[in-house]
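Before any comments, here is the structure.
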Number of protein chains: 2
Amino acid sequence: MPPSPTRPQGRPSATDHAAIEHAAFRLFEEQGFDNTTMEQIADAVGVGRRTLFRYFPSKNDIPWGQFDESLRHFREQLASQSLDGTVADAVHRCVVSFNDFDPATLAQHRTRMTLILTTPTLQAHSALKYGAWRRVIAEYVARRTTAAPSDPLPALVGHVSLALAVSSYQRWLDHPELRLTDVFEESMRQLRTYLS
Amino acid sequence: MPPSPTRPQGRPSATDHAAIEHAAFRLFEEQGFDNTTMEQIADAVGVGRRTLFRYFPSKNDIPWGQFDESLRHFREQLASQSLDGTVADAVHRCVVSFNDFDPATLAQHRTRMTLILTTPTLQAHSALKYGAWRRVIAEYVARRTTAAPSDPLPALVGHVSLALAVSSYQRWLDHPELRLTDVFEESMRQLRTYLS
DNA sequence: CACCTTAATGGCACTCAGCGCCATAATGGA
DNA sequence: TCCATTATGGCGCTGAGTGCCATTAAGGTG
């Protein structure tokens with residue numbers, strides 16, 4: 001027997017993250033995020049409201065999809081950076097690559113980010129998501145600089161990297177003709193110019 | 001008759017922002033922010049729950065006090081900057097001065113910021129407050145650089161200034177012996193070093 | 001086939017933030 | 001005394017989120 005994708009045991013799942021996301025985004029687009037209730041999403045998926053909360057800890061987390069898992073990749077990519085260049089270059093490379101999406105999924109990503117960046121409720125929630133992202137960077141910088149725990153640099157780099165990323169995204173959403181990674185590079189250049 | 005502080009007319013207020021803040025902070029400290037209900041605060045103030053929502057649009061806004069009003073000062077101070085220096089210097093000066101508090105109110109300010117920066121619920125809500133703060137900076141930069149509305153620099157400067165401010169605050173909260181304005185300066189120096 | 005274990009579902013009831021509605025209270029003025 | 005003005009606060013509702021628990025749908029074992 002081939003060790004088939006073992007269905008462990010127990011009652012099979014009635015849905016999955018992708019199906020919920022799909023139904024939810026359709027409703028968000030039709031009625032807006034705040035006007036869509038978890039009950040409506042549950043009905044659209046064909047599942048109980050209670051079950052939704054087992055897949056996403058909150059309604060605000062639905063637009064973020066598998067963000068938390070993607071942080072693991074981000075962490076690993078940072079860890080595998082060569083130690084030759086500067087810390088700033090390594091961080092910048094990984095931040096850009098973290099946001100370099102397959103053209104096939106780009107449209108979906110644009111929809112996602114538009115929702116997140118234009119809905120106040122989600123703007124607020126994103127602070128928590130961003131916090132986890134910043135922490136990944138801060139941990140890397142701390143390791144690379146063998147900084148004391150109280151060294152302010154790691155946290156600062158996390159915050160500034162986020163600042164660059166979010167303002168790049170805002171520009172990218174306004175200008176669909178630009179490539180996201182190019183916008184990142186341009187923002188970085190602008191910041192360097194501004195500060196000198 | 002001296003034009004006495006005209007009490008306009010109508011039923012007098014039963015409380016004010018300061019009294020609510022005071023009662024709320026006491027409860028937040030005793031039980032934590034999330035475990036404190038609006039009803040408890042209302043009882044402590046001696047006022048109806050419904051009335052609280054006329055003074056603060058949400059529970060999350062209570063720790064921010066009169067932040068929205070202070071943005072007006074911030075805007076005016078930026079507007080009154082000399083045009084001699086660089087935009088970066090003007091922004092930096094105003095950001096530092098915005099966070100230069102009277103020693104008498106410093107302890108209160110530290111309590112406030114500790115609460116905001118360590119409570120996840122409030123971290124999330126702060127994104128909305130920060131957004132308004134960033135907009136003030138972005139508007140100033142746009143004016144000073146006569147930027148096209150699509151110019152990315154104003155938004156970028158807003159984001160990066162915020163990044164500096166928040167990481168400075170985190171450091172200041174960890175190190176009570178430091179002066180907040182000094183921490184700002186140090187963060188700015190560190191950023192310049194990091195990027196060059 | 002009956003039975004057990006495992007794991008997911010989903011209903012129910014509850015708390016709490018927030019909001020719309022509106023009757024009521026407390027003031028100054030005519 | 002009556003009126004206009006303005007704040008209060010009670011009531012009832014919606015909707016997110018949670019704890020609890022009975023139920024369902026598998027796989028495995030004798």
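Computed from a predicted model, the values in this text were never measured in an experiment. Residue numbers start from 1 in every chain, and the chains themselves are labelled A, B, ... in the order their sequence lines are given, proteins ahead of strands.
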Please give, in whole Å, the distance from [N] [atom2] to [X] [atom1]?
X       : N      : atom1 : atom2 : value
A:Arg54 : D:dT18 : CZ    : P     : 12 Å
A:Leu52 : C:dT9  : CG    : P     : 10 Å
B:Asp34 : D:dA16 : CG    : C1'   : 14 Å
A:Ile20 : C:dA8  : CD1   : C1'   : 13 Å
B:Asn35 : C:dC16 : CG    : P     : 10 Å
B:Ile62 : C:dC16 : CD1   : C1'   : 14 Å
B:Phe53 : C:dC16 : CZ    : P     : 12 Å
B:Ile41 : D:dG9  : CD1   : C1'   : 17 Å

The side chain of [X] lies closest to which of these nucleotides: [options]?
X       : options               : value
A:Pro12 : D:dA26, C:dT9, D:dG19 : D:dA26
B:Lys59 : C:dT6, D:dA16, C:dA17 : C:dA17
A:Met38 : C:dT9, D:dA16, C:dA17 : D:dA16

**Message:** Quick check on D:dT8: is either OP1 or OP2 less than 4.0 Å from any side-chain nitrogen or oxygen of B:Tyr55?
**Reply:** yes
**Prompt:** Does A:Ser13 put a side-chain nitrogen or oxygen below 4.0 Å from OP1 or OP2 of C:dA8?
**Reply:** no
**Message:** Using 30° and 60° as the class boundaries, would you call the ring planes of A:Phe74 and A:Phe98 parallel, tilted or perpendicular?
**Reply:** tilted
**Request:** Give me the ring orientation class for A:His109 and A:Trp172: parallel if the planes are under 30° apart, tilted from 30 to 60°, perpendicular past 60°.
**Result:** tilted
**Fill in**
Of B:Arg11 and B:Arg49, the one whose closest nucleotide on DNA chain D sits nearer the 5' end is B:Arg11
Base, sugar-phosphate or nothing for [X]? Non-hydrogen atoms, less than 4.0 Å.
X        : value
B:Thr51  : base
A:Thr121 : nothing
B:Gly10  : base

**Prompt:** Please walk me through it: do A:Lys129 and A:Asp61 pass side-chain contact (heavy atoms from CB on, under 4.5 Å)?
**Reply:** CA-CA 9 Å; A:Lys129 297 292 185 178; A:Asp61 282 297; 2.9 Å; yes
**Asked** Of the options A:Leu173, A:Thr105, A:Leu115, which is the one that meets A:Arg110 in a side chain to side chain contact (heavy atoms under 4.5 Å, CB included)?
**Response** A:Leu173
**Prompt:** Taking for each residue the nucleotide of DNA chain C bearing the nearest heavy atom, is the 5' side occupied by A:Val47 or by B:Arg50?
**Reply:** A:Val47
**Asked** Does A:Phe28 have A:Lys59 sitting over its ring (NZ/CZ under 6.0 Å from centre, angle to axis within 45°)?
**Response** no
